[in-house]
Protein chains: 2
Amino acid sequence: MMIDVKTLCLGVLSRGDASGYEIRKEFEEGPLSHFSDAGFGSIYPALRRLTEDGHIVMLPHSGDGRPDKKLYRITPAGRHALYQALTRAPAPDKLRSDLMFILTFGHLLPPRHLDRIISDRISDYRRLIATMEAQENQVARTPGESFVEGMGLAIYRAVASYLEDHRHELVAAALMENQVAE
Amino acid sequence: MMIDVKTLCLGVLSRGDASGYEIRKEFEEGPLSHFSDAGFGSIYPALRRLTEDGHIVMLPHSGDGRPDKKLYRITPAGRHALYQALTRAPAPDKLRSDLMFILTFGHLLPPRHLDRIISDRISDYRRLIATMEAQENQVARTPGESFVEGMGLAIYRAVASYLEDHRHELVAAALMENQVAE
DNA sequence: GTCGTTATATATCGAAACGCTATATATCTT
DNA sequence: AAGATATATAGCGTTTCGATATATAACGAC
């Protein structure tokens, strides 16, 4: 059974107080962004449930900045719940990939479309890899964060390289299928 | 916006008639298993919606075997809907990984637990890679299927190799953290 | 200073999916 | 024959998704 959004939020809050919006930002840009995702529609209900569970508390308003901003802090009970989750056996990873689904039928598609989506995805990954490499020694990271950042990089490199090395095979199959159809 | 379970089912049915259970089996064992997943709780409602949409039809009972078995067939309208989805730009891939979440905090965990979950995951991947490699020339595949199978293999190899090459770094950090705590 | 744009911030909603359970039939093994 | 496993459909409460709504603060251009 996979780690749920409540636990993901506890993970973010274990590193410091945060608002719902800031937690969402962590999922988009922080160390968690490579392997987690959660939208507002799940974060806010999760924060409410965590508050009811006593795993987090909402801090009193600081009086400066945004009057509507709610800051949350993890409690000792929340740290314990997080630790329980971290010392359990991990569920298998789950990947959802439109690209791979589309490429399964790639030989049946217009070669131009096929070539475009592969090119675009290679560009996306190469850009992301360059950004991560540029940040590699600029950002303070824990050993764990460095480890998974490296792991994410290894995955992105493998995918980009595979697409670069093998794209011509699939595009050729699409061209041949195209000729057979004519 | 990601490809939904309806479209995934159309993809399976585009290769031949199938029951709900058989579609689920494709997500578990077939070419789709590396990058898609859908449980019965989403497949059956999706099949019902696809039937209402006119994208699939339920075949008359064959009279032999299971009396409760419902076989579905894709319609021309269903093929068109699938084609529309396949010629759209793919959404970014989404990975959910308990392992990477746990490893983010790995240096804070008991080194024995850490070592165990990494070892287990390496074994899982090495076993999966061996199975895929053994099947590589035994199973009839379309060019698209071969392409994404190779892509899946490249990812699994990258992850297994990274874990093998770098595990000692994280375990050492956990041991040091352990000593500091004592 | 004003106005428009962008960022920050919380919350909600309908639809879809998740994870599990229930029930039933067929097939296989002992 | 009995028990275990595989095949088969379906449902259910909970969670998540993806989008939208509303509001305030900050920023940039003029």
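Note on naming: letters A, B, ... go to the chains in the order of the sequence lines (proteins, then strands), and numbering restarts at 1 for each one. Only this structure's heavy atoms are used, side chains among them; waters, hydrogens and symmetry mates stay out.
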Given D/dT9, is OP1 or OP2 found less than 4.0 Å from the side-chain N or O atoms of B/Tyr44? yes
Which part of the nucleic acid, if any, lies within reach of A/Pro67 when heavy atoms closer than 4.0 Å are counted: base, sugar-phosphate only, or nothing? sugar-phosphate
Evaluate whether atom CZ of A/Arg88 has more than 12 neighbouring non-hydrogen atoms of other residues, nucleotides or ligands under 6.0 angstrom away. yes
Are A/Arg121 and A/Arg167 packed together at the side-chain level, in the sense that at least one heavy-atom pair is separated by less than 4.5 angstrom? no
For atom CD1 of A/Ile43 and atom P of C/dC13, their distance in whole Å: 18 Å
Report yes if at least one side-chain N or O of B/Lys69 is closer than 4.0 Å to OP1 or OP2 of D/dA8; otherwise report no. yes
Whichever of B/Gly41 and A/Lys25 has its nearest DNA chain C nucleotide further upstream toward 5': A/Lys25
Under 4.0 Å, counting only non-hydrogen atoms across every strand here, what does B/Lys94 touch: a base, just sugar-phosphate, or nothing? sugar-phosphate
Between A/Ala46 and A/Asp68, the residue closer to the 5' end of DNA chain D by nearest nucleotide is A/Ala46
Gap between atoms CG and C1', on A/Asp37 and D/dT15 respectively (whole Å): 14 Å
Any base atoms under 4.0 Å from B/Arg96, or only sugar-phosphate, or nothing? Heavy atoms, all strands. sugar-phosphate
Consider side-chain contact (heavy atoms from CB on, under 4.5 Å). Of B/Asp93, B/Val148, B/Ile3, which one does A/Leu99 pass it with? B/Asp93
Let me know, please, whether B/Arg66 or B/Gly39 comes out on the 5' side of the other along DNA chain C by nearest nucleotide. B/Gly39
Check step by step if ring pair (Phe, Tyr, Trp, His ring centres under 6.0 Å) holds for A/His107 and B/Phe147. CA-CA 10 Å; A/His107 54 290; B/Phe147 189 86; over 10 Å; no
Given DNA chain D, 5'-ward residue of the pair A/Ala38 and B/Tyr21, judged by closest heavy atom: B/Tyr21
Could you state the CZ-P distance from B/Arg48 to C/dA15, rounded to the nearest angstrom? 14 Å
A/Arg24 atom CZ is separated from C/dA11 atom C1', nearest whole Å, by 15 Å
